[in-house]
Structures are given as C-alpha cells and as structure tokens.
Amino acid sequence: MVSRMSLIENTHSKLGIRTCGVILTVAVGVLANSTATIAQNEDKVKAGLEAWKNGGCAECHGSFADGEKQRDESPTGSNLRTARLDTAALKLVISCGRPGGAGMPAFDEGAYKVRPCYGRPLGAPPDNLYPAGTTLTPDQIDAVIAYLQARIIGRGRITKDECLAYYSDRPDECEDIK
C-alpha cells in the first residue's frame, strides 16, 4: 500500500516538473521575442540614421549631433550628445520645431496644421519658425528618435566606431578620431 506521504511527494514532484516545463517554455518565448525586438529596434536605428543624414539634421547639429554644424549659413544646433531629452521632448522638438527664432524647424509637415504643437490651436505655423528644407514622416521622426537614443544622447565624445558607422562609405573621414 502506498503511503499518504509518498502520494504527496509524487504529486509535488510532478508539479515541479510541470512548473519547470512552463518556466522553460516562457523563457524560450521571451528570448525569441527579445531577439526579434532587438532586430526590429536595430532596423529602426539604421532607418533613423538615414533619416538624420537625408533630413538635413547634420547641417545644424553636425554629423555626430555634437553641435558642429556642416554648413556655416545654417543655425547652430544643440549638442545632442550631452542633452537630456526624453522621447516626448525629442518628438515635440523634431516635429514642431522651436518657434521664436531658435533656428529649429518643424520637420513634421503636419505640424500645427494637422497635429497640434505646444498647445496651439490647429492652423498656420508661427511666423518666427525657421523654415525646414525637408520634412519627415511621423515614422521617420520616430526612427530619428530611436537613432538619437541608441547612438547619440548621453554618449559624450565621438568614437571611431560611431564615425565609421556614419561614414561607412568614406572611412577616411574617421582617420583623426581615436
């Protein structure tokens, strides 16, 4: 005859194996999802770099967002490498610009007209908003934000790897960076 204690131990053993199986299944699922998410995020970061390059951001902020503008006639952009902007602040400034002659254009073509900015009613953009040479879609703006958060904000000095990632087609541009 099987003792009551044996039945309890056997039941606990089976529950332990089932619990381990469930935990293992969940862990594998989380890891698989994390890998896919990382790949998607990396794709978004790469798209953000391309939008940064093609959107004219470097003209004012510099190739590496350090405030070393590429064109003398452009306004001097902020050094974003030392900035402490969160996602919402970045989205607002990139989308809506900075009215008041600050030199930051609104890159969202729907800013002020389709999407509200700074609590203003929908309508014409402010008169003292620096003109944008190009506009970006909301998805491109999100990609630029992903790029800035992954590779620029809080990064300090530019590294050779960052330079080579930016100038992948012209590595000689990075010879002076150690």
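Note that this is a predicted model, so its numbers are computed, not measured. For the numbers below, each heavy atom of this structure counts, side chains included, while hydrogens, waters and symmetry mates do not.
More than 12 heavy atoms of other residues, nucleotides or ligands lie within 6.0 Å of CG in N128, so this atom counts as buried by the packing criterion.
Heavy-atom minimum distance, A51 versus V144: CB-CG2, 3.5 Å. Of all heavy-atom pairs between P171 and L164, the closest is CB-CD2, 3.8 Å. Considering every non-hydrogen atom in both A111 and A106, the closest pair reads CB-CB, 4.1 Å. Taking every heavy atom of both residues into account, L80 and L85 meet most closely at CD2-CD1, 4.4 Å.
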Checklist entry - Going through the distances and angles, do E162 and R157 end up as a salt bridge (charged side-chain N to carboxylate O under 4.0 Å, His left out)? => result CA-CA 10 Å; E162 289 171 330; R157 289 188 53 208; over 6 Å; no

Checklist entry - After noting the C-alpha distance and the side-chain angles of F107 and T135, does the key distance pass the side chain to side chain contact (heavy atoms under 4.5 Å, CB included) rule? => result CA-CA 5 Å; F107 281 93; T135 57; 5.7 Å; no

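Taking 4.5 Å as the limit, some side-chain heavy atom of Y147 sits within range of a side-chain heavy atom of L49. Between L122 and P116 the shortest side-chain heavy-atom distance falls below 4.5 Å. Under the 4.5 Å side-chain criterion, counting only non-hydrogen atoms from C-beta, L148 is in contact with W52. Annotation: side chain of P75 is in contact with side chain of C60 (closest heavy-atom distance under 4.5 Å).
Interatomic distance, CG of D66 versus OG1 of T82, reported as 9.5 Å (0.5 Å rounding). If you take NZ on K69 and OG1 on T76, they are separated by 3.5 Å, rounding to the nearest 0.5 Å. Going from atom CD1 of I152 over to atom CD1 of I145 covers 14.0 Å, rounded to the nearest 0.5 Å. The line from SG of C163 to CG of D176 is 9.0 Å long, rounded to the nearest 0.5 Å.
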Anything under 3.5 Å between a donor and an acceptor, one on a side chain of residues 88-101, the other on a protein residue two or more places apart or in another chain? List them.
residue	atom	partner	partner atom	Å
K91	NZ	D142	OD1	2.6
S95	OG	K91	O	2.8

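A donor-acceptor distance shorter than 3.5 angstrom exists from the side chain of R81 to the backbone of G156, with no hydrogens or angles considered. Using modelled atom types, one side-chain atom of Q140 and one backbone atom of T137 make a donor-acceptor pair closer than 3.5 Å. The backbone N or O of S78 sits less than 3.5 Å from a side-chain atom of H61, completing a donor-acceptor pair. The main-chain N or O of A47 is never found under 3.5 Å from a side-chain atom of K44 such that the two would form a donor-acceptor pair.
Screening residues 111-139 for salt bridge (charged side-chain N to carboxylate O under 4.0 Å, His left out) gives D108-R115 as the qualifying pairs, with residues at least two apart or on separate chains.
Taking the ring axis of Y166 as reference, the NZ or CZ atom of K53 stays within 45° of it and closer than 6.0 Å to the ring centre.
By the 4.0 Å N-to-carboxylate-O rule, R151 lies close enough to E42 to be salt-bridged with it.
Residues L129 and Y118 are members of one and the same hydrophobic cluster, defined by side-chain heavy-atom contacts under 4.5 angstrom among Ile, Leu, Val, Met, Phe, Trp and Tyr. Tracing side-chain contacts under 4.5 Å through hydrophobic residues (I, L, V, M, F, W, Y), one never reaches I141 starting from Y130; they form parts of separate clusters. In the hydrophobic cluster analysis, where Ile, Leu, Val, Met, Phe, Trp and Tyr join through side-chain heavy atoms closer than 4.5 angstrom, Y167 is grouped together with V45.
With sequence neighbours excluded, no residue satisfies salt bridge (Lys or Arg N to Asp or Glu O under 4.0 Å) with E109.
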